[in-house]
Amino acid sequence: MRVNSPTFSFEFFPPKTLKAVETLYQTIRDLEAYMPNFVSVTYGAGGSTRDLTHDLVERIQHTTKLDPIPHLTCVCHNEQEIEEILLRYAKSAIGNILALGGDRPLGIAYDKSRDSFQHAIDLVKFIRRFNESGAHPDRRGFGIGVAGFPEGHPATPNRLVEMDYFKAKVDAGADYIVTQLFFDNRDFLDFRERCAFAEIRIPIIAGIMPITSISGVKRMAELAGGARFPAKLLRALQRCQNDPEIVSRVGIHYALEQCHDLLDNAVAGIHFYTLNRSDASRLIFDSLGIPRRRDAQASSA
């Protein structure tokens with residue numbers, strides 16, 4: 001990613017119903033005014049939303065001023081399929097890809113050994129080779145992002161081995177890191193320090209997901225593969241658990257405090273997991289007192 005720090009960005013997922021489509025495009029309209037550095041678009045387990053993802057990415061690219069970064073995963077893909085996807089995105093002048101291992105598909109038989117890409121590092125290497133082929137209209141090719149796990153990768157409990165794997169993935173050709181969500185900034189700062197110790201020098205963008213409901217807490221833990229919820233946060237939520245409006249206020253306030261602290265610690269960027277709704281992200285962004293990029297660009301002209 002070729003931008004100055006700190007960056008601000010949002011994540012969307014492809015909608016599956018007409019009502020969800022309407023909600024998402026209202027969210028996109030709301031957040032477009034903030035001129036984020038980029039927006040990312042997720043990819044369902046096993047590529048289950050691959051066509052929806054492609055269509056959403058291209059619609060954002062061609063009908064908004066936003067810069068979309070599609071997720072791309074290893075699961076249930078062969079090299080020919082990945083190359084076709086990359087060619088499609090290159091034709092649409094998509095500038096970046098977030099290369100991920102991906103979640104196992106649910107409800108179907110799945111044999112990981114049949115995948116052409118066993119781990120995210122294999123996907124990173126493939127995209128790098130695609131870049132070197134000159135198939136992208138930008139001679140630099142795709143910028144390549146990878147996922148980081150401040151609380152540790154759920155599949156690799158040995159943190160020393162995990163960092164060895166992560167270092168190899170970055171060295172294979174990654175340009176920046178977007179972390180999984182976390183609720184204790186000490187986990188992020190420790191992860192960033194361990195990356196520096198491993199001589200990983202690319203930008204590390206922090207993933208933040210504001211809690212807006214009690215039911216959302218369990219969902220977040222599942223999405224993150226087991227997020228840690230600090231006692232301070234759980235106590236605050238427990239006190240108001242019967243009042244949905246106050247729960248949302250508490251969750252947004254907590255995320256805002258996280259963002260202030262991250263900015264004080266020179267974070268490279270903050271990536272908001274929006275769950276396709278804009279209210280929480282807009283409240284946090286406004287409360288941070290950061291000028292929108294368009295206004296900042298105009299004032300410096």
Side-chain angles (χ1 to χ4, degrees), residues 1-13 27-28 31-42 57 60 65-71 94-100 120 124 140 142-151 166 169-170 173-196 198 200-210 224 227 252 254-275 278 280-297 300:
M1 191 178 314
R2 300 143 187 137
V3 295
N4 296 324
S5 297
T7 65
F8 294 91
S9 51
F10 306 105
E11 179 171 289
F12 307 131
F13 60 85
T27 295
I28 289 174
L31 295 178
E32 185 177 11
Y34 286 80
M35 295 297 289
N37 295 89
F38 66 91
V39 297
S40 68
V41 180
T42 67
V57 167
I60 291 173
K65 296 179 181 179
L66 300 172
D67 181 14
I69 297 183
H71 292 201
I94 301 299
N96 288 269
I97 298 285
L98 195 58
L100 309 171
V124 171
R140 298 170 295 184
F142 291 108
I144 304 173
V146 295
F149 298 84
E151 298 177 356
F166 187 68
K169 179 170 70 172
V170 169
D175 299 299
Y176 56 95
I177 299 159
V178 181
T179 78
Q180 184 58 271
L181 64 91
F182 58 90
F183 295 100
D184 191 332
N185 284 6
R186 291 175 297 182
D187 288 323
F188 173 82
L189 296 174
D190 178 73
F191 172 71
R192 190 173 67 174
E193 191 171 348
R194 286 185 290 114
C195 285
I200 294 172
R201 306 298 183 190
I202 60 177
I204 305 175
I205 298 169
I208 297 294
M209 183 181 283
I252 291 171
Y254 188 89
L256 176 61
E257 287 188 325
Q258 279 190 275
C259 292
H260 276 301
D261 182 62
L262 290 168
L263 291 171
D264 287 343
N265 282 281
V267 69
I270 298 176
H271 188 59
F272 294 100
Y273 295 104
T274 69
L275 296 181
S278 66
S281 298
R282 288 190 293 119
L283 282 169
I284 292 169
F285 201 96
D286 288 340
S287 297
L288 289 172
I290 298 167
R292 304 183 189 189
R293 284 200 305 139
R294 180 169 50 198
D295 295 339
Q297 291 166 353
S300 63

Pair Arg282 + Asp286: basic N to acidic O under 4.0 Å: no
Atom pair CG/OH of Leu181 and Tyr273 - distance to nearest 0.5 Å: 6.5 Å
Full working for side-chain contact (heavy atoms from CB on, under 4.5 Å) between Asn96 and Phe38: CA-CA 10 Å; Asn96 288 269; Phe38 66 91; over 6 Å; no
Arg186/Asp190 under salt bridge (charged side-chain N to carboxylate O under 4.0 Å, His left out): CA gap, chis, key distance, verdict: CA-CA 6 Å; Arg186 291 175 297 182; Asp190 178 73; over 6 Å; no
Minimum heavy-atom distance Ala268-Pro203, with the two atoms named: CB-CB, 4.0 Å
Centroid separation Phe166 to Phe191 less than 6.0 Å: yes
Backbone N/O of Pro36 and side chain of Ser9: donor-acceptor pair under 3.5 Å: no
Rounded distance [0.5 Å steps], CD1 in Ile97 versus OG in Ser40: 11.5 Å
Flag, side chain of Thr179 to backbone of Gly207, donor-acceptor distance under 3.5 Å: yes
Lys169 side chain vs Ala147 backbone, donor-acceptor pair below 3.5 Å: yes
Atom of Arg194, atom of Pro150 and distance for their closest heavy-atom approach: NH2-O, 3.9 Å
Check: Ile177 and Val146 side chains under 4.5 Å, non-hydrogen atoms: yes
Heavy-atom closest pair, residues Asn37 and Thr7: OD1-CA, 3.2 Å
Check against side-chain hydrogen bond (donor to acceptor under 3.5 Å, both in side chains), Thr42 and His71: CA-CA 5 Å; Thr42 67; His71 292 201; 5.4 Å; no
Taking every non-hydrogen atom, the tightest pair across Pro68 and Pro70: O-CD, 3.7 Å
Euclidean distance, Ile205 CD1 relative to Leu262 CG, rounded to 0.5 Å: 12.5 Å
Contacts of Phe13 that satisfy ring-ring contact (aromatic ring centres under 6.0 Å, His included) - sequence neighbours left out: none
Student check: side-chain heavy atoms of Tyr176 and Ile69 closer than 4.5 Å: yes
Distance-minimising heavy-atom pair for Ala255 and Ile284: CB-CD1, 3.7 Å
Nearest-0.5 Å distance that lies between atom SG in Cys259 and atom CD1 in Ile252: 11.5 Å
Aromatic ring proximity, centroids under 6.0 angstrom, Phe8 and Phe285: yes
Contact check, side chains of Ile208 and Phe182, non-hydrogen atoms, under 4.5 Å: yes
Rounded distance [0.5 Å steps], CG in Asp187 versus CZ in Phe149: 14.0 Å
Minimum heavy-atom distance between Val124 and Ala174, given as atom pair plus value: CG1-N, 4.0 Å
side-chain contact (heavy atoms from CB on, under 4.5 Å) assessment of Leu263 paired with Ile270: CA-CA 9 Å; Leu263 291 171; Ile270 298 176; 4.2 Å; yes
Beyond-backbone contact of Glu11 with Val178, side-chain heavy atoms, under 4.5 angstrom: no
Matching residue for Cys195 among Ile202, Val170, Ile200 - test: side chain to side chain contact (heavy atoms under 4.5 Å, CB included): Ile200
Worked verdict on Asp184 versus Glu151 for side-chain contact (heavy atoms from CB on, under 4.5 Å): CA-CA 9 Å; Asp184 191 332; Glu151 298 177 356; 5.9 Å; no
Residue list, side chain to side chain contact (heavy atoms under 4.5 Å, CB included) with Ile28, at least two apart or on another chain: Phe12, Leu24, Tyr25, Leu56, Ile60, Thr64, Leu66
Any donor-acceptor N/O pair, Asn185 side chain to Gln258 backbone, under 3.5 Å: yes
